[in-house]
Number of protein chains: 2
Amino acid sequence: MVSLDRIDVRILQELQQDSSLTNQELADRVGLSPSPCLRRVKALEDSGIVDRKVMLLKRSELGLKLTAFIQISMDRHTPDRFTVFEEQVNSFPEVRACNLVTGQNCDYLVEVVVEDMEKYHDFLLGKLTRIPGVSGVQSSFLLRSIKENTSLPLGHLL
Amino acid sequence: MVSLDRIDVRILQELQQDSSLTNQELADRVGLSPSPCLRRVKALEDSGIVDRKVMLLKRSELGLKLTAFIQISMDRHTPDRFTVFEEQVNSFPEVRACNLVTGQNCDYLVEVVVEDMEKYHDFLLGKLTRIPGVSGVQSSFLLRSIKENTSLPLGHLL
DNA sequence: GAAATTTAAGCAATATTATTCCAAAATAAA
DNA sequence: TTTATTTTGGAATAATATTGCTTAAATTTC
């Protein structure tokens with residue numbers, strides 16, 4: 001695990017919120033001049049704690065009006081079942097997240113984004129339930145998003 | 001809703017994957033010269049379909065070894081209950097996502113990231129279950145992340 | 001606690017990249 | 001087919017990132 005000082009943490013906090021900051025602006029916010037600030041950013045990127053930089057879009061503006069959270073159970077817990085399921089899920093662009101979890105209710109939690117309920121129906125019947133081993137599927141639908149935060153908490157590093 | 005042509009969609013697909021691309025590289029990938037490419041990017045940003053740009057970090061490298069998915073039920077469905085709950089949740093840095101959903105099992109789906117099980121325990125007892133109205137709490141823990149994709153599907157726009 | 005060593009900071013020069021302007025091409029309308 | 005509108009590409013300009021070097025700060029060692 002990498003060692004980070006106060007300034008590194010502040011840099012990460014800023015860039016987690018807004019990676020379009022110029023180095024100049026970032027340097028001002030963390031109280032450094034541009035060159036050491038940039039050197040730190042590069043060092044952080046080289047250290048492997050940065051995954052990637054992305055642009056986030058607004059669902060509503062793109063006509064993606066339905067988000068579903070799905071609990072999925074598998075019939076058997078064999079390596080083969082998991083492998084096939086995960087390959088398939090990775091190939092579906094509608095799937096934003098898929099996580100294998102503990103719990104008696106289900107094996108996978110999956111988040112799906114589509115245009116509307118009709119498209120969701122198509123996704124369920126045409127794609128998801130076609131995967132061998134998928135035995136239980138329970139959907140919840142997004143009513144309102146309270147918090148959507150890609151930032152990780154860094155308070156424990158200080 | 002904004003009207004987008006093939007090239008706009010390709011630009012968005014690239015930047016959703018990697019917003020650190022230079023305009024030069026982006027222009028090459030979508031088959032334009034730099035100036036019209038940049039103009040399109042700016043137009044897309046002005047159009048309101050872009051939410052923001054962020055840097056994504058790796059949990060494992062930051063000592064955040066536990067991710068929990070929590071189903072939360074409220075005792076009563078009064079506006080006051082929701083308002084207080086949502087204010088509180090927004091103030092917790094451990095909470096990465098919180099969504100109000102349909103379904104008989106629960107009201108909110110919450111994703112939490114912490115260092116370890118002890119910290120999770122502290123979070124549950126010290127923060128989450130302190131919020132008035134929280135009656136049911138059921139946790140699932142991340143075993144393995146299959147897909148974590150901040151990109152929205154854009155295929156329906158073509 | 002002082003000197004030596006290491007480390008990081010700041011400034012200035014350079015390189016890279018973004019941005020703007022204008023003429024030309026492509027597209028759409030008449 | 002002609003005209004109007006929009007979009008493109010290239011070149012000049014501006015902004016920003018990047019690097020080398022010197023100085024200051026912090027840390028370690030004696």
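Hydrogens, waters and symmetry mates play no part in the numbers below; they use all other heavy atoms, side chains included. Chain letters run A, B, ... following the sequence lines, proteins first and then strands; every chain starts at 1.
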A.B. asks: For A:Leu21 and D:dA15, what is the distance between atoms CG and P respectively, to the nearest whole Å?
C.D. replies: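 Taking CG of A:Leu21 and P of D:dA15, I get 19 Å after rounding.
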A.B. asks: A:Leu32 CG to C:dG10 P: how many Å, rounded?
C.D. replies: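 Rounded to the whole Å, the gap is 6 Å.
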A.B. asks: To the nearest Å, give me how far apart CG (B:Leu38) and C1' (D:dT16) are.
C.D. replies: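 Computing the B:Leu38:CG to D:dT16:C1' distance gives 14 Å.
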A.B. asks: What is the distance, rounded to the nearest whole Å, between atom CG of A:Asp46 and atom C1' of D:dT18?
C.D. replies: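 Going from A:Asp46 (CG) to D:dT18 (C1'), I get 14 Å.
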A.B. asks: I want to verify a distance call: between D:dT18, C:dT19, C:dA9, whose nearest atom is closest to the A:Lys42 side chain?
C.D. replies: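 Given the options D:dT18, C:dT19, C:dA9, the side chain of A:Lys42 is closest to D:dT18.
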A.B. asks: Out of D:dG9, C:dA9, D:dT16, which has the shortest distance to the side chain of A:Pro36?
C.D. replies: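 The nucleotide sitting nearest to the side chain is C:dA9.
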A.B. asks: Could you tell me if A:Asn105 and B:Gln71 have a donor-acceptor pair between their side chains, going purely by distance under 3.5 Å?
C.D. replies: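 No donor-acceptor contact under 3.5 Å links the two side chains.
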A.B. asks: Could you tell me the separation between the CG atom of B:Leu26 and the C1' atom of D:dT8, rounded to a whole number of Å?
C.D. replies: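 So the CG-C1' distance, B:Leu26 to D:dT8, works out to 16 Å.
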A.B. asks: Assign A:Arg39 to base, sugar-phosphate, or nothing according to its heavy-atom contacts below 4.0 angstrom with the strands shown.
C.D. replies: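 Touches a base.
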A.B. asks: Between the base of D:dG9 and the side chain of B:Ser35, is there a donor-acceptor distance below 3.5 Å?
C.D. replies: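 Checked by distance alone, the answer is yes.
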A.B. asks: What are the two closest non-hydrogen atoms of A:Val95 and B:Asn149, and how far apart are they?
C.D. replies: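 It is O-ND2, 3.8 Å.
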A.B. asks: Send over the distance from A:Gln24 CD to C:dA18 P, rounded to a whole Å.
C.D. replies: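 Atom-to-atom, A:Gln24 to C:dA18, this comes out as 17 Å.
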A.B. asks: Looking only at atom types and distance, does a side-chain atom of B:His156 sit under 3.5 Å from a main-chain N or O of A:Leu62, one as donor and one as acceptor?
C.D. replies: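 Side chain of B:His156 to backbone of A:Leu62: a pair is present.
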A.B. asks: Quick one: A:Asn23 CG to C:dT16 P, roughly how many Å, whole number?
C.D. replies: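 For the pair A:Asn23 CG and C:dT16 P, the rounded distance is 17 Å.
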A.B. asks: Whole-Å distance between D:dA26 P and A:Arg6 CZ?
C.D. replies: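 Atom-to-atom, A:Arg6 to D:dA26, this comes out as 13 Å.
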A.B. asks: I'd like to know if the side chain of B:Ser73 reaches the main chain of B:Ser135, judged simply by a donor and an acceptor atom lying under 3.5 Å from each other, with no hydrogens or angles considered.
C.D. replies: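 No, because the side chain of B:Ser73 does not come within donor-acceptor range (under 3.5 Å) of the backbone of B:Ser135.
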